[in-house]
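Presented below is the structure to which this report refers.
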Number of protein chains: 2
Amino acid sequence: MTQSPHSQTLDRGLRVLEVLAAAEGPMTIAEIAAEVRAHRSIVYRMIRTLEDHRLVSRGADGLYGLGLGLAALARSVSPALQSAAMPALSELADDVGMTAFLVVPEGDDAVTLLSVEPRRTAVHVAYRPGVRHSIHRGAPGIAILAGRPPAAGEAANVARARTQGWAYSQGEVLSGMRSVAAPVVDRRGGVAASVAVVYVADDVDTAALGQRVVAAAKAVATEMP
Amino acid sequence: MTQSPHSQTLDRGLRVLEVLAAAEGPMTIAEIAAEVRAHRSIVYRMIRTLEDHRLVSRGADGLYGLGLGLAALARSVSPALQSAAMPALSELADDVGMTAFLVVPEGDDAVTLLSVEPRRTAVHVAYRPGVRHSIHRGAPGIAILAGRPPAAGEAANVARARTQGWAYSQGEVLSGMRSVAAPVVDRRGGVAASVAVVYVADDVDTAALGQRVVAAAKAVATEMP
DNA sequence: AACACCCCGTTCGATAATCGAACAAGGATA
DNA sequence: TATCCTTGTTCGATTATCGAACGGGGTGTT
């Protein structure tokens, strides 16, 4: 078994991006270097290269932050799925007054790819793209599992979600949060994603909400190429 | 004057991402290597590293595409601005039945950071994040310029936009497309962005639309921290 | 079957890209 | 002025990277 060599330089460059993403605001090169644990001159060279690709940009104050090239790159992640989901998600968010989002499986994780906040509710739950958790916890992940062919020894909540068409969870990802989700099943019968909403209220007609989310998920599937 | 050394390895790694973004669908490593004009074994090493950072992912068929880590990174580009703009944009898009988007200046360019398509119009103009053009062409760029302090020798359309509060353009970026935009002026008087809509119809009350866009831009500014 | 072709993934010595201590040049503070 | 801190660059030593070559698996063709 080999060591599967990795690229040190590329790794450090990507860590620069991650450090900038995790930071509160723009940073100096010295701060970045300290965080990445590399020599300053190394970070200089890398920052220049990242700047060429517009992945970082130097603000007017001389500090560095993430650049707009990332917006273009992110838009190219599953573009067909994103385009198909966008209208259905915003319609759903408006209808029910909750944040609606699209969750995609990646290995054993469920990752939020796209989220739409409702137009005008006093309070709503912010749910950011990039959020990642186990596919076995939370309605979005359960919905994805339920959309797949039945597996031996699968959890009870997955089986229930499969028969009723949507999944429900409470506090599995964030305490106090409830979530309802339905799988997006594409033409070939594969599960591409799930559509979900989150909320905190306890006076919600879950069954009706479930049907509404199922309809949104179907709409997404219909728009898929 | 030195050559401002750049990092070859990092550059090639980023080009891998760009190649994947530009591609129609997932690619083999050999295809990527050909496109990037680097040896296959180099691309192997880089792909492994990119995979560790979840910027690329290997599909079930063994092909590689962009990974979900990009969604998280993109969300960290001006997060405050994105959060502030999201609700106002989707409300605007719904109200007027047009695609609404947030445009940010980067040097001499105007770049689309965020876009929201309307819920249910038969036809609407798709406008993708990452679109970039000169800040001097098109309503979004003009609006940003108009939000800045008056400059000597500035174009007439900028001056007009400043007095009326919003900018209008026709076919400057895409032929046949009309666009109306208004600047987002933050608390410190700086111009962070502009809010814009695009459409093709010629029977639109431009003045009324302009007022509506101005209101949306104000709403975004109000939500800014 | 045997062949040809393409893609995958890895190995390893030569090489060139990278590393990082040291340097020069501003600001700021005292 | 002198001191300190930060930014940005230089350049020889080192080491990560490069890339030709290898082995193996899959698919389609003769």
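Chain letters run A, B, ... following the sequence lines, proteins first, then strands; residues in each count from 1.
If you take OH of A/Y44 and C1' of C/dA22, they are 15 Å apart, rounded to a whole angstrom. A/M46 has its CE atom 15 Å from the P atom of D/dA16, to the nearest Å. What separates CZ of B/R45 from P of D/dT17 is a distance of 6 Å, to the nearest Å. B/I42 places its CD1 atom 12 Å from the C1' atom of C/dA17, with the value rounded to the nearest Å. Look at CZ on A/R58: it is 13 Å from P on D/dT7, rounded to the nearest Å.
Two residues are said to be in side-chain contact when any heavy atoms from C-beta on lie closer than 4.5 Å; B/R187 and B/M224 fail this criterion. In this structure, the side chains of B/I144 and B/I135 come closer than 4.5 Å at one or more pairs of heavy atoms. A 4.5 Å side-chain heavy-atom check between B/L114 and B/L89 finds at least one atom pair inside the cut-off.
Remark: the backbone N or O of B/E172 is not paired with any side-chain donor or acceptor of B/S169 at under 3.5 angstrom.
Legend: ring-ring contact (aromatic ring centres under 6.0 Å, His included) pairs involving residues 126-159 of chain B, not counting sequence neighbours, sorted by first then second residue: B/F101-B/Y127.
A donor-acceptor pair shorter than 3.5 Å cannot be found between the side chains of A/H6 and A/D11. Between the side chains of B/R75 and B/S83, at least one donor N or O sits under 3.5 Å from an acceptor N or O.
Using a 4.0 Å cut-off, some side-chain N or O of A/R48 falls inside it from OP1 or OP2 of D/dT9.
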Please step through salt bridge (charged side-chain N to carboxylate O under 4.0 Å, His left out) for the pair B/R15 and B/E35, ending with a clear verdict. CA-CA 9 Å; B/R15 284 178 56 195; B/E35 200 73 32; over 6 Å; no
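Contacts between residues 24-41 of chain A and DNA chain C, defined by a heavy-atom separation below 4.0 Å, involve A/H39, A/S41, listed by number. Within residues 8-22 of chain A, the residues having any heavy atom closer than 4.0 Å to DNA chain C are, in order of number, A/Q8, A/T9, A/R12.
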